[in-house]
Amino acid sequence: MAEDARTQEFVEYVQAGGLVESTDWMPEEYRKRLVKFIEMHANSELMGVLPERDWILRAPTLQRKLALTAKIQDEVGHAQLIYRIVEDLGKPREACFDDLIAGKSKFHNVFHYPTRSWGDVGVIAWLVDAAAIVSQKALLKTSYAPYARIMKRVCWEESFHILHGRDVVLAMVSGTESQRELVQEALDRWWEPLMMFHGNPIPAEDDPMYRWRIKSQANEDARQEFLDGYVNQILELGLTIPDSKLSRNDSGIWEYTEPDWDELLAVVTGHGPASAERIAFRSLSRAEVDWVSRVLLAEAA
Amino acid sequence: MLAARPHDESAASEPSTRPEPGSAGREAGGGQGAIFEVFRQERKGKPLEHAGSFRAVDELAAEIYAREFYGRRHESEALWLVPRTAVHEIADFPEEFDRSYRRVDGYSLRSRLREARARAAATGDEGA
């Protein structure tokens, strides 16, 4: 069969809900888009632990320290599982690590910002993870079956993270005035990055990721779902969302101040306030633990 | 033809876009160690289902990773670790003959049953 006809057949197959396994034939463009997208996801899991790692030693109680450590272990575990999927698509994990450090691949915008207080830890675990789970739940329906299967496990663990984050925030808003202020300040810092998290609104029909059914949810739909789920949960705690334009219109659509999409692009291409520091730290950790891999490989040889 | 996947008809003659099952191990290009496929049993009596895979340098490391990845919340009753090189995959089932006689959908009884019931009812009426 001619390549074009075969690709066309593949597109129709995935659009009709067909699932693709790693051993199946797939068009080169599909494979490349999968690698780029899934690699960014894995990078985000890996880089996402760095802002939280800073708070292990500063956690206010032993229970919080244990829970935060468990969350971090989960995220690194997700990175490992997701990089494995990228490897089966043809790109080795070490090459992903190289590209991450060299700034050739991306990770999510929210992990390019610094954390200032324990309030940030609560807001990240609750709301950043909530925004992430909206996307990850949609990925359960992706056309690439190995990725969907891993997402099932990832979503299961993320639900613990959200609960842990909500518990941290609830404890703080139930505490002293200065604790409440810390949460409000953290929400003020994180709101705009959160609103950027799902990306600028691209109509689904213009999005090639949608055509291949790698994604099954348009960016704006994900953001609306996040707002549907969490705005009331934030407000009921007495917190204020720092966007005076945020409201639900008569047709049930959330309206909000348009985030600065140029900032989003700058941030994810490595020009965020903490981008350089995070990448440098990742590079350092990799160099520091390199001997472990070398010893294990030498012993196994 | 019953093939559900678009790759089936010429899969054998096409170069695969990923390492073939069985080509695991110390691959060129940065792969370290061997790939282990993990099968996980959620509860006693349930089947072991494929759960994912990871790389490990040897069986001992694989066991440690498996316990961490798939057992740290007591979410598994049992795990099987299988080196990918040991997996023999069959993914093509050509339908050369009509084998519908082996399946439920090969049997269509409805219209003939209706006729038979009508016939039996008619005969019964005559006998009454």
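Letters go in sequence order (proteins before strands), and every chain restarts at 1. Atom set for the values below is all heavy atoms of this structure, side chains included, hydrogens, waters and symmetry mates excluded. Owing to the predicted nature of the structure, the values given are computational and were not obtained by experimental measurement.
- For Ala51(B), the part lying near chain A is the backbone, with the side chain staying farther off; criterion is any non-hydrogen pair under 4.5 Å.
- The number of heavy atoms from other shown groups lying within 6.0 Å of OH (Tyr101(B)) is above 12.
- The contact between Asp74(A) and chain B is made by backbone and side chain atoms together, counting heavy-atom distances below 4.5 Å.
- Put simply, the side chain of Glu21(A) does not reach to within 4.5 Å of the side chain of Glu89(B), judged on heavy atoms.
- In terms of heavy-atom pairs under 4.5 angstrom with chain A, the leader among Ala56(B), Gly52(B), Ser53(B) is Ser53(B).
- Under the 4.5 Å side-chain criterion, counting only non-hydrogen atoms from C-beta, Tyr65(B) is not in contact with Gln80(A).
- When the candidates Glu12(A), Arg149(A), Gln73(A) are compared by the number of heavy-atom contacts under 4.5 Å with chain B, Gln73(A) comes out ahead.
- The candidate from Leu81(A), Ile150(A), Val20(A) with the greatest count of non-hydrogen atom pairs under 4.5 Å with chain B is Leu81(A).
- Nearest heavy atoms, Arg84(A) versus Phe54(B): CD-CA, 3.5 Å.
- Below 4.5 Å, heavy atoms of chain A meet no heavy atom from residues 104-117 of chain B.
- Within 6.0 Å of the CH2 atom in Trp80(B), the count of heavy atoms belonging to other residues, nucleotides or ligands does not exceed 12.
- Atom-to-atom distance recorded for Arg55(B):CZ and Glu87(A):CD is 4.0 Å, nearest 0.5 angstrom.
- Within 6.0 Å of CZ in Arg67(B) there are 12 or fewer heavy atoms belonging to other residues, nucleotides or ligands.
- By the 6.0 Å contact criterion, NZ on Lys91(A) is enclosed, its count of non-hydrogen atoms from other residues, nucleotides or ligands being greater than 12.
- Heavy-atom neighbours of Lys65(A) NZ from other residues, nucleotides or ligands within 6.0 Å: above the threshold of 12.
- Contact of Phe97(A) with chain B is not made at all, since no heavy-atom distance falls under 4.5 Å.
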Please assess Glu75(B) against Arg153(A) for the test salt bridge (charged side-chain N to carboxylate O under 4.0 Å, His left out), listing each intermediate value before the final yes or no. CA-CA 11 Å; Glu75(B) 69 270 49; Arg153(A) 178 179 179 89; 2.8 Å; yes

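- When all heavy atoms are compared, the tightest approach of Gly33(B) to Leu297(A) is N-CD2, 3.9 Å.
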